[in-house]
There are 2 protein chains.
Amino acid sequence: MFKKFKIPDATIGRLSMYSRYLSEADEKGITTVSSQDIAQATGVTPAQVRKDLAYFGEFGTRGVGYNSRELYTYIMKILGLDKRWSIAIVGAGNLGRALSKYKGFQQRGFDIVCIFDNDPKKIGKKLANINIYPLDQLEEKVKELKIDLGIIAVPASAAQEVADMLVGAGIRGIINFAPINVTVKENIILRRVDLAAQLEYLTYYLEETR
Amino acid sequence: MFKKFKIPDATIGRLSMYSRYLSEADEKGITTVSSQDIAQATGVTPAQVRKDLAYFGEFGTRGVGYNSRELYTYIMKILGLDKRWSIAIVGAGNLGRALSKYKGFQQRGFDIVCIFDNDPKKIGKKLANINIYPLDQLEEKVKELKIDLGIIAVPASAAQEVADMLVGAGIRGIINFAPINVTVKENIILRRVDLAAQLEYLTYYLEETR
DNA sequence: AAATCTTTGTTAAAAATTTAACAACCATTA
DNA sequence: TAATGGTTGTTAAATTTTTAACAAAGATTT
């Protein structure tokens with residue numbers, strides 16, 4: 001697609017927010033929005049909105065603004081969300097179970113197609129109508145079901161091993177929820193989400209005044 | 001505490017990673033670590049580690065390194081984790097339920113002390129031994145239990161309303177898991193965690209090559 | 001105790017990101 | 001059709017963050 005230059009990571013996150021607002025605006029029948037409108041709704045500056053969009057092309061009309069539906073479609077395409085993606089979750093603990101049921105993924109085009117775990121009590125069962133398989137079937141199932149993305153929801157001690165398995169099976173993108181740094185070969189996209197660290201960000205700012 | 005200057009947000013997240021590594025090192029009996037060691041374990045550069053720490057003071061010995069346990073203690077204090085924090089979760093859906101059971105919070109000093117929801121079928125029940133109360137008891141319970149932090153795990157449509165209630169009840173920090181921008185008065189610390197957006201970050205990088 | 005080896009803390013440089021400013025351009029109105 | 005108002009796309013400036021370099025200082029060796 002576009003992507004001649006390096007795009008800031010933060011821009012990608014903001015595009016996601018913009019798209020949600022645009023979809024909402026379109027549903028409400030608001031056909032045209034300005035960078036000001038988008039900015040207000042998503043908590044950024046209008047200049048930021050225009051800059052973010054400028055990385056990818058010209059989508060608006062000077063003096064007018066952006067067509068909601070059209071810009072929505074463009075952004076979704078930029079994010080790769082003009083098609084659906086298949087996902088595997090590794091780890092059927094509390095987090096894995098919640099993620100498998102989370103409606104927010106479906107809505108944005110992500111289908112959780114299988115779950116892996118090593119606990120014999122869980123294997124063979126279903127979660128939100130999704131089969132749970134043992135880890136040694138990971139490679140087989142990933143290939144069979146053409147799974148693109150993996151979510152690591154196992155304890156930190158097992159995270160690297162699981163990452164290796166996912167990469168070995170041919171997965172190309174990973175979200176790691178385990179609170180540990182895992183490494184993968186460079187053509188694999190990896191993102192870490194540390195839930196506890198999010199709370200620690202709050203306490204850092206609050207601890208001085210309690 | 002320290003905090004004369006503006007500290008990069010990213011630094012806070014990295015301190016959290018450093019602390020986990022330091023605790024692990026200490027448990028293994030490794031008493032001294034270098035910025036190089038910390039960097040390797042957490043996936044950053046040694047210069048970054050030293051710079052991050054330099055915002056808060058001098059914790060190491062030149063030619064030697066850092067004492068694992070000592071640095072761990074310092075960082076935990078910086079993050080405000082030398083004491084425990086009480087948390088309320090609003091929303092007993094899939095995500096709220098998972099977060100209430102998530103062991104990772106406990107381990108880092110966060111106690112989920114109550115859950116709020118408006119569904120009559122859920123009110124009065126317990127989740128992971130935590131009581132579920134109706135939303136109209138939020139203010140009362142937050143004050144009674146001296147709750148510091150709130151987690152919003154409700155649909156986007158209700159997020160702003162819940163944020164207002166939390167702030168009204170005296171909460172000072174909020175994590176918002178709803179995929180929408182909420183606003184709060186400026187002395188409240190707010191952080192948004194968009195799970196679907198994390199996956200979209202992956203698909204952005206992958207969509208061109210599928 | 002001098003020399004050497006290490007690793008920190010700090011300063012300077014580089015790179016990345018955000019903010020601001022404004023020319024270009026479209027639509028509307030006089 | 002000229003003038004006005006409004007909003008984008010883009011360029012430049014400012015700010016923030018990261019990386020690199022190195023002097024300072026502790027430990028070890030000769």
Side-chain angles (χ1 to χ4, degrees), chain A residues 2-18 21-22 25 30-72 74-75 78 181 201 204-205, chain B residues 2-18 21-22 25 30-72 74-75 78 181 201 204-205:
Chain A
F2 322 94
K3 298 189 198 168
K4 287 185 199 168
F5 318 96
K6 213 276 170 191
I7 311 290
D9 272 15
T11 291
I12 309 304
R14 286 190 297 261
L15 287 178
S16 182
M17 293 201 295
Y18 303 161
Y21 164 72
L22 289 164
I30 302 167
T31 53
T32 306
V33 299
S34 64
S35 56
Q36 173 71 253
D37 296 333
I38 300 174
Q40 183 138 42
T42 58
V44 303
T45 64
Q48 182 85 80
V49 172
R50 296 200 299 276
K51 194 79 207 285
D52 285 338
L53 296 174
Y55 286 119
F56 302 98
E58 301 186 11
F59 306 108
T61 309
R62 294 175 192 218
V64 181
Y66 306 90
N67 178 285
S68 308
R69 191 175 303 177
E70 208 174 285
L71 184 56
Y72 170 79
Y74 275 125
I75 293 181
I78 291 168
N181 182 250
Y201 175 92
Y204 165 73
Y205 283 104
Chain B
F2 321 94
K3 298 190 199 172
K4 286 184 201 169
F5 319 96
K6 212 277 169 190
I7 311 290
D9 272 14
T11 291
I12 309 304
R14 285 191 297 261
L15 288 178
S16 181
M17 294 200 296
Y18 303 162
Y21 164 71
L22 289 164
I30 303 166
T31 53
T32 306
V33 299
S34 65
S35 57
Q36 174 70 252
D37 297 334
I38 300 174
Q40 184 137 42
T42 57
V44 303
T45 65
Q48 182 84 81
V49 172
R50 296 200 299 277
K51 195 78 208 284
D52 284 338
L53 296 174
Y55 286 118
F56 301 98
E58 301 185 11
F59 307 108
T61 309
R62 295 176 191 219
V64 181
Y66 305 90
N67 177 285
S68 308
R69 191 176 303 178
E70 207 175 284
L71 183 56
Y72 170 79
Y74 275 125
I75 293 181
I78 291 167
N181 181 251
Y201 175 92
Y204 165 72
Y205 283 106

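The basis for the numbers below is simple: all heavy atoms, side chains too, and nothing from hydrogens, waters or symmetry mates. Quick note on labels: first sequence line is chain A, next is B, and so on, each numbered from 1.
Rounded to whole Å, atom C1' of D:dT10 lies 12 Å from atom OH of A:Tyr55. In this structure, CG of A:Asn67 is placed 15 Å from C1' of C:dC26, rounded to the nearest angstrom. One interatomic measurement links the two molecules: CZ of A:Phe56 to P of D:dT10, which rounds to 14 Å at whole-angstrom precision. Here the C1' atom of nucleotide C:dT10 and the CG atom of B:Asp52 are 14 Å apart, to the nearest Å. If you measure from atom OH of A:Tyr74 to atom C1' of D:dT8, you get 15 Å, rounded to the nearest angstrom. Atom NZ in B:Lys6 sits about 21 Å away from atom P in D:dA14, given to the nearest Å. Whole-Å rounding puts the B:Ile12 CD1 to D:dT17 P distance at 11 Å. At whole-Å resolution of the value, CG in A:Asp9 and C1' in D:dT18 are 14 Å apart.
With sequence neighbours excluded, no residue forms a side chain to side chain donor-acceptor pair (under 3.5 Å) with B:Ser68. Applying the side chain to side chain donor-acceptor pair (under 3.5 Å) criterion to B:Tyr66, with sequence neighbours excluded, gives no partner residue. Partners of B:Thr31 by side-chain contact (heavy atoms from CB on, under 4.5 Å), not counting sequence neighbours: none found. Residues forming a side chain to side chain donor-acceptor pair (under 3.5 Å) with A:Asn67 (at least two apart in sequence, or on another chain): none. Residues meeting the side chain to side chain donor-acceptor pair (under 3.5 Å) test with B:Tyr72, sequence neighbours left out: none.
In this structure, A:Tyr66 does not reach the C:dC26 phosphate: none of its side-chain N or O atoms is under 4.0 Å from OP1 or OP2. Contact annotation: B:Ser35 side-chain N/O to C:dT8 OP1/OP2 distance is under 4.0 Å. In terms of phosphate contacts, B:Gln48 brings no side-chain nitrogen or oxygen within less than 4.0 Å of OP1 or OP2 of D:dT17.
Between A:Phe56 and B:Tyr204, the ring planes are perpendicular. Angles over 60° get that label, and only those under 30° would be called parallel.
Where B:Glu58 and A:Ala10 meet DNA chain C, the nucleotide closest to each residue was compared, and B:Glu58 sits on the side nearer the 5' end.
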- [ ] Go along nucleotides 20-29 of chain D 5' to 3' and tag each nucleotide: B for a protein heavy atom under 4.0 Å from its base, S when only backbone or sugar atoms are that close, - otherwise.
- [x] BB-BBBSS--
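At least one donor-acceptor pair under 3.5 Å links the side chain of B:Asp37 to the backbone N or O of B:Ser34.
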